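Below: one structure, written as structure tokens.
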2 protein chains.
Amino acid sequence: MDDVDTPYIFSKLKNKKTEIFTSTKINEIKSLRDLSQPLFTLRKKTLLITERDKFNGLYLVHSGLLKQSHIRKPGESEIITHFFLPGDIIGLDSICEHHYCGPVTSIETSSLSLIKFRNIDEYLIAQENHNKLLRVLSRSIRTEHARLWRTLSQPSDARLAYFLITMSNKFSELGYSPNAFRLAMSRQEIANYLCMASETVSRIISRFENEGLLSANRHDYFILDPIGLATIAKKNRSSPNFSG
Amino acid sequence: MDDVDTPYIFSKLKNKKTEIFTSTKINEIKSLRDLSQPLFTLRKKTLLITERDKFNGLYLVHSGLLKQSHIRKPGESEIITHFFLPGDIIGLDSICEHHYCGPVTSIETSSLSLIKFRNIDEYLIAQENHNKLLRVLSRSIRTEHARLWRTLSQPSDARLAYFLITMSNKFSELGYSPNAFRLAMSRQEIANYLCMASETVSRIISRFENEGLLSANRHDYFILDPIGLATIAKKNRSSPNFSG
DNA sequence: CGAAAAGTTGATATTCTTCAAGATGCGTGG
DNA sequence: CCACGCATCTTGAAGAATATCAACTTTTCG
């Protein structure tokens, strides 16, 4: 465990590396875990899936951080459609399709496992896990819609606040502190994920710091005022004086 | 059939009412049709589903137009998450959930049928249509993601152009002319769907007319230059001189 | 240590919303 | 059928939000 470039969360904050996840609190993962192949490790900034790859199964993230992007013309800025944290499943949008949706790259060293199947019939006949998969898919539709609609309809400070809260909740679910975490992705990658300029991300983080909402140093984030941050995340253009 | 407020497409353009759809070219609908209850008619501007309704099945749209919205505080502008055209399925985002996602309202008089089931197990045991449903769900994830990401990352003229092209394609699939169609939704509703101000929709439509791309009169749209419109739909902020 | 990448900050430009006024079309009742 | 009133649509002008461009600082990594 110590000789590899161990993925870590809070290593800087706690001054020690944390162990690789072997279980999560995500129900879907629990129900799918027994089907999966052994773990493998992916070094940081490594391509897991290219846009040309044929669909051959779902990947479960056990540790680390990955991103899925859209292919765009050279010179154009990348669009990041997903960040995958421990407990997330890669490839849900590609079931019943021939190819994966877009390239998936590790941002930091990650460990994954593969639930291998070429097509959905193969998987269903072999495993009889229709309901589990349906539930995961259905839930995925709903949560992703909610997230995208939020992003779409909110100004950039609310987007960023909401993003930070979402990350906070994810870490909380994984058993870590919701108010102190490390995000391996760069400002540019956060910007691409939220569809804004990286300068805007910088400016808003600075503003949040000035307002005493959080403290951010490179990849380490401390949420100082979760309530205040949530208030900003909930505000919208039609009612700037949101009081909830 | 003649005594009801028959839904129609192109009635103005062709000067005669078209018959209610009884079949579509959508594969998914075909495979699900035999399970559905008889058709029923919903008058225009009628609530089909409220935010409090418990999930009790999927609705198939046979004719007309409906919208699904997000609940917001009074005084705030409505957010429209879906338009449902003939061949579309209402409720995919609510499978495996207790309640529907948001209120669904008919914009014009519509005819629908209900595939009734309280929970997914009930449906699957009774019907053994796992694969069909999985395919529909999976496809739905992918197409909706693609649409939302497009909307999110593009300036408003590209959003509107893309919206019109999508509508055009839908009518084409349904066997109608792709370049002359009637959209029953108001400018405000289009704006809410694309997350912009209704004034912006007006302005961009005017601009498109001046540029000779289309002709729009109230609810009737004629696409005069599909190629030009597609070029605008594909452009993005990083490469305004897109050539494809 | 030095070069390249990433992040921050300021000035400017653009896009889009908001506010406001007017125009157009639609339904209703005379 | 026409006139009135309301809702929708269009257009203009001002303002806010955000992107872009540019300079500079900080960090990372060979």
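Labels below follow one simple rule: chain letters A, B, ... track the order of the sequence lines, proteins then strands, and each chain is numbered from 1. Values in this document were obtained by computation on a predicted structure and should not be read as measured data.
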| field | Nearest-Å distance for atom pair CZ/P, residues A/Arg207 and C/dT9 | value | 14 Å
| said: Counting only side-chain nitrogens and oxygens, does B/Thr200 get under 4.0 Å of the OP1 or OP2 atom of C/dT17? | reply: yes
| query | Given atom CZ of A/Arg218 and atom C1' of D/dT28, what is their separation to the nearest angstrom? | reply | 8 Å
| task | Measure from the side-chain N and O atoms of B/His99 to the backbone N and O of B/Asp53, and report whether any donor-acceptor pair falls under 3.5 Å. | result | yes
| task | Report which part of the nucleic acid B/Ser198 touches: base, sugar-phosphate, or nothing (heavy-atom distance under 4.0 Å, all strands). | result | nothing
| Contact class for A/Ser186 (heavy atom, under 4.0 Å): base, sugar-phosphate, or nothing? | sugar-phosphate
| message | How many whole angstroms separate atom CG of B/Leu194 from atom C1' of C/dT15? | response | 16 Å
| task | Please state how far atom CD1 in A/Ile204 lies from atom C1' in C/dT8, giving the value in whole angstrom units. | result | 14 Å
| said: Distance check needed: C/dC26 P versus B/Glu108 CD, whole Å only. | reply: 15 Å
| Of the nucleotides D/dA19, D/dC9, C/dT18, which one has an atom closest to the side chain of B/Ala197? | C/dT18
| B/Asn179 versus B/Pro226, closest heavy-atom pair with distance | OD1-CG, 3.8 Å
| task | Could you tell me whether B/Arg207 and B/Glu211 make a salt bridge, using a distance below 4.0 angstrom between a side-chain N and a carboxylate O? | result | yes
| said: If the cut-off is 4.0 Å, is B/Ser156 near the phosphate of C/dC16, judged by side-chain N/O to OP1 or OP2? | reply: yes
| query | Roughly how bent is the helix from C/dC1-D/dG30 to C/dG30-D/dC1 end to end, in steps of 10 degrees, with each end axis from five pairs? | reply | 40°
| task | Return the value, rounded to whole Å, for the distance between atom CG of A/Leu160 and atom P of D/dA17. | result | 16 Å
| query | Base, sugar-phosphate, or nothing: which does A/Gln188 touch, judged by heavy atoms less than 4.0 Å apart? | reply | sugar-phosphate
| task | Classify the side-chain pair B/Arg43/B/Ser106 by whether it contains a donor and acceptor separated by less than 3.5 Å. | result | no
| field | Under-3.5 Å donor-acceptor pair between B/Arg203 side chain and D/dG12 base | value | yes
| field | Plane angle bin for A/Tyr176 and A/Phe171 - parallel if under 30°, tilted between 30 and 60°, otherwise perpendicular | value | perpendicular
| query | If you pin B/Lys45 and A/Glu199 to their nearest nucleotides in DNA chain D, which one's is more 5'? | reply | B/Lys45
| message | Between A/Lys67 and A/Glu78, does any NZ, NE, NH1 or NH2 come within less than 4.0 Å of an OD or OE carboxylate oxygen? | response | yes
| field | For atom CD of A/Glu189 and atom C1' of C/dA6, their distance in whole Å | value | 11 Å
| query | So, A/His62 and A/Ser113: side-chain donor and acceptor under 3.5 Å apart, yes or no? | reply | yes
| field | Atom pair distance, as rounded to whole Å: CG in A/Asp220 and P in D/dT28 | value | 10 Å
